[in-house]
Amino acid sequence: MVRDEDEIRPDSETEFPFIDSTEDSAEDIVVLGKGSPENLVFEWVLSDWSACSKTCGGNGYQLRAAHCTVKLHNNTQDVDSNLCVDAGLHIPQTIRNCGLSTCPYWVASPWQPCLESRCFTYNTAMQRRGIECQIDNNTLVEQELCDEQTKPTIRQECFNDKCKGTWRVGDWSECTAQCDSQGVKYRILQCVWYGTKKPAGNACREIPRPTVMKMCKGPPCSDKSDCHDHSKYCQNIRAMNMCRMYRYQTQCCQSCSINKH
């Protein structure tokens with residue numbers, strides 16, 4: 001309810017108007033009810049603190065709103081903040097620091113010795129190290145809690161003069177000879193980087209090449225009286241020229257002995 005100033009009665013139980021000191025106009029007059037100026041109570045009304053802008057690192061802050069009210073008996077009205085100050089009330093804090101704890105941080109283990117690292121190319125190995133995320137009391141936490149943008153590298157190239165091409169040889173194959181005959185064995189040869197199975201192209205060109213084939217002799221021929229076929233597929237074995245394999249010579253002795261030179 002707003003009234004003109006000439007309607008206000010001056011007795012001690014008048015309807016006491018409050019006038020905003022910043023705007024001296026009738027529109028800013030607020031009537032709280034009957035009472036004396038001594039019964040007016042100014043106070044700050046505060047909102048809850050906002051969530052912290054940062055949960056750690058010490059640079060976070062929180063905000064809250066503060067507005068001034070005046071009260072007469074059971075009637076309360078919001079007023080300009082300057083009036084609470086004029087009433088001698090201390091201005092409440094509306095911003096404060098928060099998130100003061102240290103953020104989870106990365107901890108890197110020492111680099112693996114280069115001489116023990118896997119070769120990557122000529123004279124170059126790939127060093128590795130472990131990375132963990134932890135908090136102040138050395139407790140390990142999920143890596144998602146650390147800042148991915150500051151994560152240290154986990155591998156790097158390093159000089160290793162052992163990283164040269166080397167020959168990698170496979171196992172010898174079975175001897176291809178029939179019984180009591182000469183044959184050959186084979187094995188696979190591959191140029192790889194030292195300590196790995198990674199192909200190294202022509203990096204082995206200066207290294208003597210191991211043999212991939214050698215002569216061998218087939219097993220002794222069985223006594224003719226004991227020479228029998230032990231599989232119904234022996235005719236197929238002979239037709240496919242697989243009798244040179246020792247296991248078929250014994251399994252299909254009779255078929256593989258036909259026309260044997």
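All heavy atoms count here, side chains included; hydrogens, waters and symmetry mates do not. Numbers for residues simply follow the sequence, beginning at 1.
The main-chain N or O of S81 is never found under 3.5 Å from a side-chain atom of W44 such that the two would form a donor-acceptor pair. In this structure, T69 contributes its side chain and E43 its backbone to a donor-acceptor pair below 3.5 Å. Between the side chain of Q143 and the backbone N or O of I131 there is at least one donor-acceptor pair closer than 3.5 Å. R187 contributes a side-chain N or O that, together with a main-chain N or O of T211, makes up a donor-acceptor pair within less than 3.5 Å. K164 places no side-chain N or O within donor-acceptor distance of the main-chain N or O of Y194, the cut-off being under 3.5 Å. Side-chain atoms of Q77 do not come within 3.5 Å of backbone N or O of V70 as any donor-acceptor pair.
Pairing each heavy atom of A200 with each of G165, the nearest pair is CB-CA, 4.4 Å. When all heavy atoms of Q254 and D229 are compared, the pair lying nearest together is N-OD1, 3.1 Å. Heavy-atom minimum distance, Y122 versus W193: N-CH2, 3.3 Å. Nearest heavy atoms, L140 versus E132: CD2-CB, 3.7 Å. Of all heavy-atom pairs spanning Q112 and M126, the tightest one is OE1-O, 4.4 Å. Nearest heavy-atom pair across Q235 and S255 is NE2-OG, 3.2 Å.
Grouping the Ile, Leu, Val, Met, Phe, Trp and Tyr side chains by contacts below 4.5 angstrom, directly or via other members, places M240 apart from Y233. Both I154 and W106 are part of a single hydrophobic cluster, where members link through side-chain heavy atoms under 4.5 Å apart. Clustering ILVMFWY residues whenever any of their side-chain heavy atoms sit less than 4.5 angstrom apart, transitively, puts V169 in a cluster other than the one holding I188. L145 and Y105 sit in two unconnected hydrophobic clusters of ILVMFWY residues. Membership requires side-chain heavy atoms under 4.5 Å apart, directly or through other members. Criterion: ILVMFWY side-chain heavy atoms under 4.5 Å apart, direct or through other members. Under it, L40 and L89 are part of a common hydrophobic cluster.
Hydrophobic clustering, defined by side-chain heavy atoms of Ile, Leu, Val, Met, Phe, Trp and Tyr closer than 4.5 Å, groups V184 together with Y186, M213, M215.
Atom CZ of R129 has more than 12 neighbouring heavy atoms from other residues, nucleotides or ligands inside a 6.0 Å radius. The number of heavy-atom neighbours closer than 6.0 Å to CG of N74, taken from other residues, nucleotides and ligands shown, is 12 or below. Heavy atoms from other residues, nucleotides or ligands lying under 6.0 Å from NZ of K217 number 12 at most.
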Stepwise side chain to side chain donor-acceptor pair (under 3.5 Å) test for Q127 and S117: CA-CA 6 Å; Q127 256 179 329; S117 301; 5.2 Å; no
Residues C163, T124; criterion side chain to side chain contact (heavy atoms under 4.5 Å, CB included); working and verdict: CA-CA 6 Å; C163 291; T124 306; 5.7 Å; no
Just do the disulfide bond (SG atoms under 2.5 Å apart) check on C243 and C252 with the steps written out, would you? CA-CA 8 Å; C243 286; C252 300; over 6 Å; no
Before you tell me yes or no, could you show the steps for C146 and C103 under disulfide bond (SG atoms under 2.5 Å apart), namely the whole-Å CA-CA distance, both residues' side-chain angles and the distance that decides it to 0.1 Å? CA-CA 8 Å; C146 281; C103 292; over 6 Å; no
Step by step, work out the disulfide bond (SG atoms under 2.5 Å apart) result for C234 and C256. CA-CA 8 Å; C234 286; C256 289; over 6 Å; no
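Residue N160 holds its CG atom at 12.0 Å from OG1 of T121, rounded to the nearest 0.5 Å.
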